[in-house]
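Here the structure is laid out as structure tokens; the discussion comes afterwards.
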Amino acid sequence: MIGSSRHYPALLFVLLIATALRVWGIPWGLPSKNGALTSYHPDEAITFYSLERMRRERSLYPGDALFWGSLHTYVIGTLCLTAQAIGLVEIRSRGHLIQNLRQADRLYLLGRLFSIFCDLFSVLLIFRIGKREFGVRAGLLAACLLALAPASIAAGHFVKPDAMLLAMILLCLWCAQNLAENVTARRTWICGLCVGLAAATKYNGGLFLVAPLLVLWERRPRVFRFYLYLLLSALLGFVIGCPSSLLNWKAFLRYQELNWGLARSWDASSSFLGLGAAQMLFYYLPFAAGWPTTLAGLGGTLLAFYRRQGLSRWMGLTALIIFLSVSVPKTWLAIWTFPVLPFLLLFGARLILFLWEYPLRRRQLRALCLTCLLGQAAYAAAFSRLFSVSNPREEASAWLRQHVPSFSRVGIVRSYFWTPPILRRADTPYRVTPGAGNEVGLEEAVKGVLAWHAPPPFFVLSENELRGHPELKTWLQNYKLRAAFAASPRLGPWRFWRRPPPWDFLYIAPQIEIYENRLAFHQHSGL
């Protein structure tokens with residue numbers, strides 16, 4: 001897996017960089033900071049709520065984890081039981097954990113450490129894939145680019161299946177490479193099982209069935225039993241990782257209908273370049289991978305398809321089909337670029353290596369390559385720093401405690417991941433007034449705020465709410481802005497986000513604004 005000992009120090013250095021960027025800030029938004037059993041990310045708690053349900057009902061049915069697949073939930077559950085057996089964590093009731101949030105912190109940290117492990121395994125896998133496809137130095141460059149990819153860094157900070165998905169789809173590509181070297185029944189079954197388990201981790205992992213299918217079409221086009229082996233083993237792997245697809249098939253189908261509805265719905269406020277490939281290439285990938293890597297990847301793709309040396313035909317077709325497939329959904333997040341990310345990094349590494357070795361204008365081209373890598377490293381460091389700096393939610397909590405009298409009415413749209421912790425705690429010193437309860441969605445909560453007859457003296461708003469509901473800005477005309485807190489990737493005077501980031505990157509450090517009713521402000525200031 002690692003390669004010859006001659007390249008071991010360089011790969012070890014890349015792994016150390018990847019580890020540092022993901023461990024840095026790993027306590028981000030833990031329950032003890034959030035004042036609730038959830039973290040600052042809206043989806044992290046789903047894994048633990050699903051495990052609680054499975055434990056209470058003594059069943060394999062994971063509930064809301066079926067939104068993406070259940071294998072990740074089962075793995076985290078196994079890790080939690082193992083950690084409990086050796087005394088690292090306590091698995092207790094939800095009521096007990098609410099009273100002991102630091103015990104809940106340990107569960108989240110355990111899940112995040114597993115995500116980091118998956119990220120590091122992904123670095124090893126992409127090195128191996130790049131080494132076999134384009135050579136050792138291209139493999140090392142691809143591993144370095146993955147270590148510095150912001151979307152991968154973010155996945156390492158969350159208890160979500162995304163980091164595991166990236167590892168699984170890279171494992172599928174590696175197994176497809178093995179199959180391309182020698183098509184046997186055993187390797188075909190292994191490929192199918194890996195694809196099935198990838199789909200059970202997150203459903204879009206099933207797209208990578210196309211890789212071994214193309215290998216068989218290229219190497220054994222008329223040996224139909226291999227296609228049968230592949231399909232049967234993929235189905236078996238999926239059922240093993242997601243048994244509810246059989247045991248609770250009605251619920252499973254209901255969650256697929258919900259996912260299909262999300263994929264078809266389009267919120268105009270989240271689109272900046274229209275739909276499809278252009279939006280992914282020029283909006284989501286630059287945030288998820290960084291502009292240096294994205295431009296290198298696009299150039300490397302053109303180079304790979306033009307020159308074709310070292311590029312397997314099945315690999316090129318797989319990249320094209322996966323890209324076209326993931327460009328279809330209308331709802332997008334930066335983290336959903338993962339199916340395309342391995343190809344972008346592999347082709348980007350090939351372009352950088354090509355320019356580095358090009359005989360003409362060698363000095364200028366090598367300077368360009370170094371600039372690309374240093375720019376990517378700077379963005380990765382600045383992005384990782386977001387998880388360790390003072391979070392806007394926490395700064396807003398401190399400001400409220402210092403400037404807003406106890407028992408004051410403080411309005412919010414809805415108690416959710418963007419709400420400052422002091423307003424989420426059960427022992428909050430304020431009379432928190434939401435637009436609607438947590439049982440309804442954001443749309444209804446905004447309508448509730450706009451319908452208030454007696455607006456509260458203070459109101460707390462985040463850019464998450466404001467971006468999707470600009471009518472709130474008009475409603476705030478009777479309020480005065482008292483404080484605003486924000487954070488973005490920066491290194492000294494350099495800012496790396498010039499455009500509003502995708503929703504899932506906005507979760508990390510949203511801008512929080514605190515308003516005071518103008519009449520209340522004048523009374524408070526003695527005017």
Side-chain angles (χ1 to χ4, degrees), residues 1-18 21 120 122-150 152 170 173-174 176-178 180-181 211 281 285-286 288-320 322-323 337 340-381:
M1 175 67 69
I2 293 180
S4 64
S5 58
R6 187 161 55 94
H7 304 105
Y8 178 77
L11 184 58
L12 180 60
F13 179 69
V14 171
L15 288 171
L16 289 174
I17 292 175
L21 290 172
L120 299 182
S122 297
V123 170
L124 290 175
L125 283 170
I126 203 169
F127 163 73
R128 181 63 178 175
I129 294 167
K131 173 175 178 266
R132 186 179 289 177
E133 198 72 19
F134 300 126
V136 173
R137 285 184 289 178
L140 285 171
L141 278 171
C144 182
L145 293 177
L146 179 56
L148 299 175
S152 178
L170 284 166
L173 287 177
W174 183 60
Q177 283 184 321
N178 290 336
E181 287 185 349
L281 287 175
L285 278 173
W291 269 117
T293 297
T294 301
L295 294 176
L298 293 177
T301 301
L302 296 176
L303 178 69
F305 280 90
Y306 175 72
R307 294 177 64 92
R308 297 185 181 179
Q309 289 99 339
L311 177 65
S312 305
R313 185 168 59 173
W314 68 266
M315 178 74 82
L317 286 175
T318 299
L320 179 62
I322 295 293
F323 173 76
T337 60
V340 175
L341 195 60
F343 305 106
L344 186 81
L345 302 181
L346 288 167
F347 295 151
R350 185 167 191 258
L351 177 68
I352 293 172
L353 185 61
F354 173 80
L355 295 177
W356 185 268
E357 296 176 343
Y358 197 71
L360 302 178
R361 297 186 178 274
R362 175 165 293 187
R363 183 177 299 178
Q364 293 89 335
L365 290 176
R366 290 192 171 185
L368 178 65
C369 293
L370 289 175
T371 301
C372 175
L373 291 174
L374 289 175
Q376 184 63 41
Y379 179 31

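Computed from a predicted model, the values in this text were never measured in an experiment. This chain uses plain numbering: 1 for the first residue, then up along the sequence.
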[X]: which residues meet the side-chain contact (heavy atoms from CB on, under 4.5 Å) condition with it, sequence neighbours left out?
X      : value
Ala289 : Thr293, Thr294, Leu341, Leu344
Ala288 : Ala151, Ala334, Thr337
Pro292 : Cys372, Gln376

Non-hydrogen side-chain atoms of [X] and [Y] separated by less than 4.5 Å:
X      : Y      : result
Trp174 : Leu170 : no
Trp356 : Leu370 : yes
Leu353 : Phe134 : no
Leu346 : Glu133 : no

Least distance between heavy atoms, [X] atom then [Y] atom:
X      : Y      : answer
Phe347 : Ala319 : CE1-CB, 4.1 Å
Trp314 : Leu173 : CH2-O, 4.0 Å
Gln177 : Ile129 : NE2-O, 3.2 Å
Leu351 : Ala296 : CD2-O, 3.4 Å
Ala138 : Gly130 : CB-O, 4.4 Å

message: Run the side chain to side chain donor-acceptor pair (under 3.5 Å) test against Glu357 and tell me which residues pass, sequence neighbours left out.
response: Arg137
query: Quick one: salt bridge (Lys or Arg N to Asp or Glu O under 4.0 Å) partners of Arg313, sequence neighbours excluded?
result: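 Arg313 satisfies salt bridge (Lys or Arg N to Asp or Glu O under 4.0 Å) with Glu218 only.
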- prompt: In Å and rounded to the nearest 0.5 Å, what is the CG to CG distance from Leu281 to Leu298?
  reply: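 Reported value, rounded in 0.5 Å steps: 5.5 Å.
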Side chains of residues 141-148: which donor-acceptor partners sit under 3.5 Å, not counting sequence neighbours?
none

query: Step by step, would you call Leu15 with Leu124 a side-chain contact (heavy atoms from CB on, under 4.5 Å)?
result: CA-CA 8 Å; Leu15 288 171; Leu124 290 175; 3.8 Å; yes
- request: Decide if atom CZ of Arg362 counts as having more than 12 heavy atoms of other residues, nucleotides or ligands within a radius under 6.0 Å.
  value: yes
message: Show every salt bridge (charged side-chain N to carboxylate O under 4.0 Å, His left out) that has at least one partner inside residues 368-380, sequence neighbours left out.
response: none
query: Residues two or more places apart in sequence or in another chain: which of them pass ring pair (Phe, Tyr, Trp, His ring centres under 6.0 Å) with Tyr358?
result: Phe354
Partner residues of Phe323 under the ring pair (Phe, Tyr, Trp, His ring centres under 6.0 Å) criterion, sequence neighbours left out: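 Expected list: none.
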